[in-house]
Colleague: 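The structure that follows is given in the form of structure tokens.
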There are 2 protein chains.
Amino acid sequence: MPGRRKSDFSLRSVPVAMMPGERFAEFLRAGGKRLTSQRRWIVEQVFSHHDHFDADELMGHLAELISQRKLSRATVYRTLNELVEAGLLRKMTLGGRSVYEHEYGYPSHDHLYCQSCNRLIEFHSVALERLRDAVAREHDFQVLSHRMFITGYCAICRRAGGE
Amino acid sequence: MPGRRKSDFSLRSVPVAMMPGERFAEFLRAGGKRLTSQRRWIVEQVFSHHDHFDADELMGHLAELISQRKLSRATVYRTLNELVEAGLLRKMTLGGRSVYEHEYGYPSHDHLYCQSCNRLIEFHSVALERLRDAVAREHDFQVLSHRMFITGYCAICRRAGGE
DNA sequence: CTACTTGCAAATCATTTGCAGATGA
DNA sequence: TCATCTGCAAATGATTTGCAAGTAG
């Protein structure tokens, strides 16, 4: 049963019917938008590995194309927004800048943020989701999504001493 | 917010040794900073009632002083930062802008955010804190703080139909 | 063809900062 | 006194947008 809706939080891994690139192409087609090489380069880079990144880091990986003037800063920002609209990326704000991560094809999760090394560590907790729903029920609140963010020091930095 | 369980109710107010104003004066003194009338006006306005606000809303309340040029935009921003440093206010980011709320003299809590009316509803859950600590322990992570943010539709907007 | 896209540069927007005059301790 | 403030205006920095030229369908 492919093609799950994005409000499904219950699975450790999410089966997907299409690769991110196809899925994006579909999104564009549906909106009368075009599949350009710029958009293709960006999607390819973004989904080449799973981690958190901001616009600048992404542009760092695309530096070649940018310096050749085949891709511009503006287009990167525009495409990032489209990827979020398309449900392929999730955007969060961390220290003033926007940070993105894969949303499509990955299970939902929350984060531990190490204040020392700035690492984001993912975790998933069914109990947290249950708790969220219980709180929402108590307030007659209809949940669309949630975000749990725990700040502190990660195992590595703790061992590295101090702080 | 009446009508809650005892366990929650007992945490609704936190006894403090000083009023926010005194506490801020203390903070300033300790840092060799001065208690000016501008800082006094801002603290007084900020703690005159408990709610969430951003820099612009605050300046709306201080419009009189600002138009008389006894207080400037820059000073409001500078003082807001000092209040956060002093531990009197907590800052969060919501839709690109900074939103503040009382931290001193107020129990810790998390938020339900209504996407329709933009209201922030506070809640406190001991179970959430326990869960947070359990997750952290599992990752050998030292917790400093956390933030849980649930997005959706509040009771009022749900009743009012649709979006 | 031609409507959607792009690169470029200029524009935003909230927030910050440099400076010279003002002021609290 | 005099180091710390303040208002002002200009500077930031990330992100967005207007526009004329480029290009997918």
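Letters go in sequence order (proteins before strands), and every chain restarts at 1.
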Colleague: Taking ring-ring contact (aromatic ring centres under 6.0 Å, His included) as the test, write out the residues that go with B:Phe47, two or more places apart.
Modeller: B:His102

Colleague: Could you give the CZ-to-C1' distance, from A:Arg40 to D:dG25, as a whole number of Å?
Modeller: 12 Å

Colleague: Rounding to a whole Å, what distance do you find between B:Arg29:CZ and D:dA3:P?
Modeller: 21 Å

Colleague: Using nucleotides 21-23 of chain D, report all nitrogen or oxygen pairs with the protein that are shorter than 3.5 Å.
Modeller:
none

Colleague: Taking DNA chain D as the partner, which of residues 69-82 of chain B come within under 4.0 angstrom of it by heavy atom?
Modeller: B:Arg69, B:Lys70, B:Leu71, B:Ser72, B:Ala74, B:Thr75, B:Arg78

Colleague: Name the first nucleotide and the last nucleotide along DNA chain C (5' to 3') that come under 4.0 Å of a heavy atom in chain B.
Modeller: C:dA14 to C:dA25

Colleague: In this structure, how many angstroms lie between the C1' atom of D:dT15 and the CZ atom of A:Arg97, rounded?
Modeller: 12 Å

Colleague: Can you list everything that forms a side-chain contact (heavy atoms from CB on, under 4.5 Å) with A:Ala134? Sequence neighbours excluded, please.
Modeller: A:Arg137

Colleague: Could you give all pairs that pass the salt bridge (Lys or Arg N to Asp or Glu O under 4.0 Å) test and reach residues 57-69 of chain B, with sequence neighbours left out?
Modeller: none

Colleague: Looking only at side-chain N and O atoms, does B:His50 offer a donor or acceptor that is under 3.5 Å from a partner on B:Glu122?
Modeller: yes

Colleague: The criterion is side chain to side chain donor-acceptor pair (under 3.5 Å); which residues satisfy it with A:Tyr113, sequence neighbours excluded?
Modeller: A:Asn118

Colleague: State, without any angle test, whether A:Glu101 and A:His109 hold a side-chain donor-acceptor pair at a distance under 3.5 Å.
Modeller: yes

Colleague: Quick test of your reading: applying ring-ring contact (aromatic ring centres under 6.0 Å, His included), list the pairs with at least one residue in residues 52-81 of chain B, sequence neighbours left out, ordered by first then second residue.
Modeller: B:His49-B:His61, B:His52-B:His111, B:Phe53-B:Tyr100

Colleague: Using a strict threshold of under 4.0 Å (side-chain N to carboxylate O), is an ion pair present between B:Asp110 and B:Arg132?
Modeller: no

Colleague: Can you sort out the partners of B:Arg39 under salt bridge (Lys or Arg N to Asp or Glu O under 4.0 Å), two or more places apart, ordered by chain and number?
Modeller: B:Glu82

Colleague: Atom CG of B:Leu35 and atom C1' of D:dC5: how far apart are they, to the nearest Å?
Modeller: 12 Å

Colleague: Identify every side-chain donor-acceptor pair in residues 86-95 of chain B under 3.5 Å, counting partners at least two apart or on other chains, and give the distances.
Modeller:
none

Colleague: How bent is the helix from C:dC1-D:dG25 to C:dA25-D:dT1, measuring the angle between the end axes built from five pairs each, rounded to 10°?
Modeller: 30°

Colleague: Can you name the salt bridge (Lys or Arg N to Asp or Glu O under 4.0 Å) partners of A:Arg29, sequence neighbours left out?
Modeller: A:Glu26

